[in-house]
Amino acid sequence: MAKILINDGIHPTGLKMLQDAGHDVNTTKIDQENLASELPAYHAICVRSATKVREDLIKVCPNLKVIGRGGVGLDNIDVTYARDNGVAVINTPAASSRSVAELVFSHAFSVSRSLYKANREMPSGGDSQFKALKKSYSAGVELKGKTIGIIGLGRIGCEVAKIALGIGMKVIGSDISGKNIEVDLEIAGISLSYTIENISMDELLAQSDYISLHVPSLDKPVLGADEFAKMKDGAVLLNASRGGTVDEDAMMTALQSGKLASAGIDVFVGEPSPRKDILNIPNISVTPHIGASTGEAQENIGIELANQLIDLLG
Ligand SMILES: NC(=O)c1ccc[n+]([C@@H]2O[C@H](COP(=O)([O-])OP(=O)(O)OC[C@H]3O[C@@H](n4cnc5c(N)ncnc54)[C@H](O)[C@@H]3O)[C@@H](O)[C@H]2O)c1
């Protein structure tokens with residue numbers, strides 16, 4: 001039996017798995033300043049992004065065997081120090097892929113039919129007002145038959161590809177790996193396999209009606225002024241990867257000029273305080289980094305963490 005501290009919460013399914021495996025699990029949050037005195041009694045700690053597990057804390061916890069991160073980013077953990085000192089560091093990178101991909105399509109559908117605006121402008125009464133509004137939304141666009149260019153064909157990029165194929169889009173992709181990627185999907189019980197040809201970024205930008213970014217955090221933006229210039233006029237940008245993967249000045253210019261018809265954005269430079277002009281421009285649908293915010297993703301995260309902890313701790 002190991003003592004496990006769950007400091008930033010876990011889905012009840014994951015908690016039950018750990019308890020059923022016989023572990024002593026504490027889910028009561030210990031404040032950051034008290035961790036150095038209390039964590040030494042534990043064999044494992046699980047965190048999200050709130051709790052920091054830095055070198056000075058790891059140093060005073062000789063019993064610590066595992067640091068678990070529910071989610072992907074490990075910025076709040078001194079990973080190298082932990083691993084160099086025999087402490088395993090685990091995370092759950094695949095648990096939220098489907099949820100993030102579905103959010104991408106929430107934005108894609110929303111901007112294609114101006115739902116984000118129509119929701120707020122729905123008139124409370126008056127035939128002429130209703131008809132005028134209906135007319136102003138007559139330029140909606142179907143996704144079926146359009147081409148989506150996916151930049152970054154990893155876990156989430158592949159989930160986006162599956163949904164896109166399911167709704168009849170043409171899927172193209174570009175990934176620095178240079179490899180073609182095969183995705184398996186099931187539609188109405190029928191299993192299908194589809195190969196996404198890995199084309200150059202320039203080809204992707206020139207051919208895509210919708211462009212969806214699924215790259216990791218990088219030193220410089222993948223999409224800047226040069227890349228926007230190479231896109232089709234009236235393209236739609238979707239970004240649920242990381243703030244900084246798109247040059248926001250260049251994106252704003254493209255939205256203002258009509259080069260981009262619209263954008264659906266879940267991630268921003270300077271989170272949690274995105275720049276005001278992005279929030280206020282009309283042809284954009286924005287969300288506060290909620291890609292993984294579904295019950296299913298949270299349950300998957302709990303299950304994936306619990307499975308790994310049980311493997312490592314017995
Ligand atoms: N919005 C959210 O809530 C949310 C949730 C989870 C993950 N994410 C983010 O989504 C992104 C993708 O996650 P993932 O799990 O699919 O990652 P992944 O590692 O599975 O895939 C990333 C892919 O990008 C490719 N790549 C890297 N640099 C590239 C470049 N310059 N050009 C083209 N391709 C490049 C890699 O080869 C890889 O195939 C990450 O930034 C992750 O942090 C966002």
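Just follow the structure's listing: the first ligand is 1, and inside any ligand the first atom is 1.
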So, are R54 and D56 salt-bridged, with charged N and O less than 4.0 Å apart? no
Of the protein's non-hydrogen atoms, which lies at the shortest distance from atom 20 (O) of ligand 1, and what is that distance? R155 N, 2.9 Å
Numbered in order shown, the ligand 1 atoms found under 4.0 Å of a heavy atom of A292 are 3 (O)
Do N76 and T51 have side-chain heavy atoms sitting under 4.5 Å apart? no
In this structure, OG of S96 is separated from CG of N300 (nearest 0.5 Å) by 8.5 Å
Quick one: do E227 and K230 make a salt bridge, cutoff under 4.0 Å? no
Which atoms of ligand 1 have any heavy atom of V100 under 4.0 Å away? 4 (C), 5 (C), 6 (C)
I'd like to know if D175 and K179 make a salt bridge, using a cut-off of under 4.0 Å between side-chain N and carboxylate O. no
Does ligand 1 have a heavy atom under 4.0 Å from the side chain of I156, from its backbone, from both, or from neither? both
Does atom CD of Q256 have more than 12 heavy-atom neighbours from other groups under 6.0 Å away? yes
Heavy-atom contacts under 4.0 Å between P216 and ligand 1: side chain, backbone, both, or neither? both
Determine, considering heavy atoms only, which of I290, I265, D175 sits nearest to atom 36 (C) of ligand 1. D175
With the threshold set at under 4.0 angstrom, would you say S97 reaches ligand 1 through any of its heavy atoms? no
Please report whether ligand 1 has a polar contact with G291, defined as an N or O pair separated by less than 3.5 Å (distance criterion only). yes
Electrostatic pair D78-K59, nearest N-O below 4.0 angstrom: no
Within reach of ligand 1, part of V215 (heavy-atom separation under 4.0 Å): both
Closer than 4.0 Å to some heavy atom of G154 - which atoms of ligand 1 meet that? 16 (O), 20 (O), 21 (O), 23 (C), 39 (O)
With atom 44 (C) of ligand 1 as the reference point, say which of S217, C158, A240 has the nearest heavy atom. A240
Which is closest to atom 6 (C) of ligand 1 by heavy-atom distance: G243, G152, S241, S96? S96
H214 heavy atoms within 4.0 Å reach ligand 1 at atoms 12 (C), 22 (C), 23 (C), 24 (O)
With distance as the sole test, does D266 use its side chain to make a donor-acceptor pair with the main-chain N or O of H289 at under 3.5 Å? yes
Crowded around R113 CZ? As in, over 12 foreign heavy atoms under 6.0 Å? no
Under 3.5 Å between some N or O of ligand 1 and some N or O of D266? yes
So for L153 against ligand 1, with non-hydrogen atoms under 4.0 Å, the contacting part is backbone
Suppose I only count heavy atoms of L218 and a 4.0 Å limit; which atoms of ligand 1 are within that range? 31 (N)
Is there a polar contact between ligand 1 and R242, counting only N or O atoms under 3.5 Å apart? yes
Strictly distance-based, threshold 3.5 Å: is any side-chain N or O of E102 a donor or acceptor partner for the main-chain N or O of S99? no
closest protein heavy atom to atom 26 (N) of ligand 1 is I176 CG1, 3.6 Å
Would you indicate whether the side-chain heavy atoms of L313 and K65 approach each other to under 4.5 Å? yes
